[in-house]
Protein chains: 2
Amino acid sequence: MITSRFFTTFVPLFRKNMERKLILITNDDGVSAQGITVLTDLMAGLGEVVVVAPDSARSGAACAITSTQAVTLHRRGDMEREGVSVYVCSGSPVDCVKLALEQVCPRRPDLLVSGINHGDNASCSIHYSGTMGAVIEGCMKGIPSIGFSLRTLKHKCDFSPYAEDITRIAHFVLTEGLPQDVCLNVNFPEVAELAGMRVCRMGRGRWVQEWISANNPRGMNAFWLTGRFLNLEPHSEDTDYWALDHGYGAITPIKLDMTAYEVMPNLMSLTKEAE
Amino acid sequence: MITSRFFTTFVPLFRKNMERKLILITNDDGVSAQGITVLTDLMAGLGEVVVVAPDSARSGAACAITSTQAVTLHRRGDMEREGVSVYVCSGSPVDCVKLALEQVCPRRPDLLVSGINHGDNASCSIHYSGTMGAVIEGCMKGIPSIGFSLRTLKHKCDFSPYAEDITRIAHFVLTEGLPQDVCLNVNFPEVAELAGMRVCRMGRGRWVQEWISANNPRGMNAFWLTGRFLNLEPHSEDTDYWALDHGYGAITPIKLDMTAYEVMPNLMSLTKEAE
């Protein structure tokens, strides 16, 4: 007789061998960053892991692709272990995803995770984010994709307060999938204990006072990018930025389609047909 | 007696002196590209022009920002003329906009135009586009912003079929403005005569077969990015891609807010509050 106890033991083992989930990992801080190391450890508990990450930091790479030079890809056997293969790429985070899918992955990944970024990617920062660039690329290719970011300025952080939620969200997406052309942007505040997790919209904001003059020995005009984030709706409790400011993790669903449908009627006077 | 004839003559001249419109121009093909030269000529008829463009091509730069090195800014007096000042920047198109607004422009621009890009930025290509990266940055800073792109592979093109529409659209936006956090992505097909202009949504598509192996004398794995665009809805007549395929120019309103609002209810099981 086949008991239910038998099934609960047998079926998972069977599935594990026959169709272990494949998880692609990348980031924009580079393969050596602490965030991607932590993320790899967490994901290794959920499936087979392939890491394809930039060889060094690519912060602010957005969805940039490398079109003016060849991109190199190296296997880093020294960083591998059972169930985890690691490759580094000379290109952008988006290049990493494109290379992973066509040149590295043994089969189509069931999940793409990017991060854990050192620095948040809430509000308008998503547009500049290489972490989220990789996620948008994965989503474009039809792979359920999640970006994880921590609001911190540190290279070495305590990621333990977020481990359970990262695993929980990844497991949810592995199990449930995501709607077509939608990915997730998950941000955490740097806290000893989260106040909770919220589903949020992307808040309105912009960076201001963005340049400082760089001393230059040859009299060139040179500037370093810096800046201060201006929250344009600090009291809106449904935004990602509010959540971070109040100790919550923020889960924001992001879509590829950027069309402002509601504005289309206002533009109809610009249409014309050739006579 | 003040006649209407008097007003039509006098008022524009008065306005011209007192508050001539300021138009900021950038691109991702670099300051020497034909597209930005044509765009500058067209915009010089609508107001005072400031060009701040990359010193060379930055195709595929998306919304990338330069965070790991200083960015230089040079005035190019040799490229200037009455009403047109020109600066080149060592950074990305987004860096150009950020530098223009804080370090170059004598006052807040009334309009930002980017392009004319050599290559279309329809469908998913908007995510990779440096042309549109600059437009998104302008929009983020509250400036009415438009990207113009031509579906071509050529460095030298005949832009004359699009001149009237570019001027007309720019004049419309200078006069009417654009809604908050919305910019325009305008794409043209390479034709002798446009079939017309349409207001479109962003079509669904993705790039496939994206890498070719690069010969490498030292045995490295190296690849060049290439690819073929896969239109995922070739029969949808309301998309930008359909318009271009059928000889129409496409005007697509684009919004900064990428939140997938319709998906938020599906994620509510991921929320939690600390006990």
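None of the values given here were measured: they were computed from a predicted structure. Numbers restart at 1 for each chain; the letters A, B, ... are given by sequence-line order, proteins then strands.
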Does any N or O in the side chain of [X] come within less than 3.5 Å of the main-chain N or O of [Y], such that one atom is a donor and the other an acceptor?
| X | Y | result |
| --- | --- | --- |
| B/Ser67 | A/Ser59 | yes |
| B/His127 | A/Leu256 | yes |
| B/Lys141 | A/Val208 | no |
| A/Glu210 | B/Glu102 | no |
| A/Thr271 | B/Arg198 | no |
| A/Arg201 | B/Tyr261 | no |
| B/Arg206 | A/Met140 | yes |
| B/Trp211 | A/Lys98 | yes |

**Report entry** Any A/Leu267 side-chain heavy atom under 4.5 Å of B/Phe172 side chain
**Finding:**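 Yes, close enough: below the 4.5 Å cut-off.
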
Query raised in the report: Less than 4.5 Å apart, any side-chain heavy atom of B/Leu270 and any of A/Arg168?
Result: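 Heavy-atom side-chain distance check passes, below 4.5 Å.
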
Residue, of [options], that accumulates the most heavy atom pairs under 4.5 Å with chain A:
| options | answer |
| --- | --- |
| B/Asp165, B/Thr72, B/Val71 | B/Val71 |
| B/Asp95, B/Ile136, B/Ile212 | B/Asp95 |
| B/Ile126, B/Asp181, B/Val94, B/Leu178 | B/Asp181 |
| B/Ala57, B/Gly133, B/Gly205, B/Cys200 | B/Cys200 |

Between [X] and chain A, with a heavy-atom cut-off of 4.5 Å, which part of the residue counts as in contact: side chain, backbone, both or neither?
| X | value |
| --- | --- |
| B/Val199 | both |
| B/Cys183 | neither |
| B/Leu230 | neither |
| B/Ala214 | side chain |
| B/Leu194 | backbone |
| B/Arg204 | side chain |
| B/Thr226 | neither |
| B/Gln180 | side chain |
| B/Ile169 | both |
| B/Asn185 | neither |
| B/Asp240 | neither |

Query raised in the report: Which pair of heavy atoms, one from B/Leu99 and one from A/Phe223, lies closest together, and at what distance?
Result: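 Smallest interatomic distance, heavy atoms only, reads CD2-CD1, 3.6 Å.
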
Sort out for me which of [options] touches chain B most, counting heavy-atom pairs under 4.5 Å.
| options | value |
| --- | --- |
| A/Leu101, A/Leu184, A/Asp257 | A/Asp257 |
| A/Arg58, A/Lys272, A/Met202, A/Glu273 | A/Lys272 |
| A/Asn266, A/Ile251, A/Leu225, A/Thr252 | A/Leu225 |
| A/Ala62, A/Gly196, A/Ala70 | A/Ala70 |
| A/Met220, A/Gln103, A/His74 | A/Gln103 |
| A/Met268, A/Gln209, A/Met264 | A/Met264 |

Report task. Select one option (side chain, backbone, both, neither) describing which atoms of A/Ser269 are under 4.5 Å from chain B's heavy atoms. Result ->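 Answer is both: backbone and side chain atoms of A/Ser269 are under 4.5 Å from chain B.
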
Query - Part of A/Glu176 within contact of chain B (heavy atom distance under 4.5 Å) - result: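 Contact with chain B is absent: no heavy atom of A/Glu176 under 4.5 Å.
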
Report task. Evaluate the criterion side chain to side chain contact (heavy atoms under 4.5 Å, CB included) for residue pair B/Glu137 and A/Tyr128; output intermediate values, then yes/no. Result -> CA-CA 10 Å; B/Glu137 180 66 23; A/Tyr128 308 118; 2.4 Å; yes

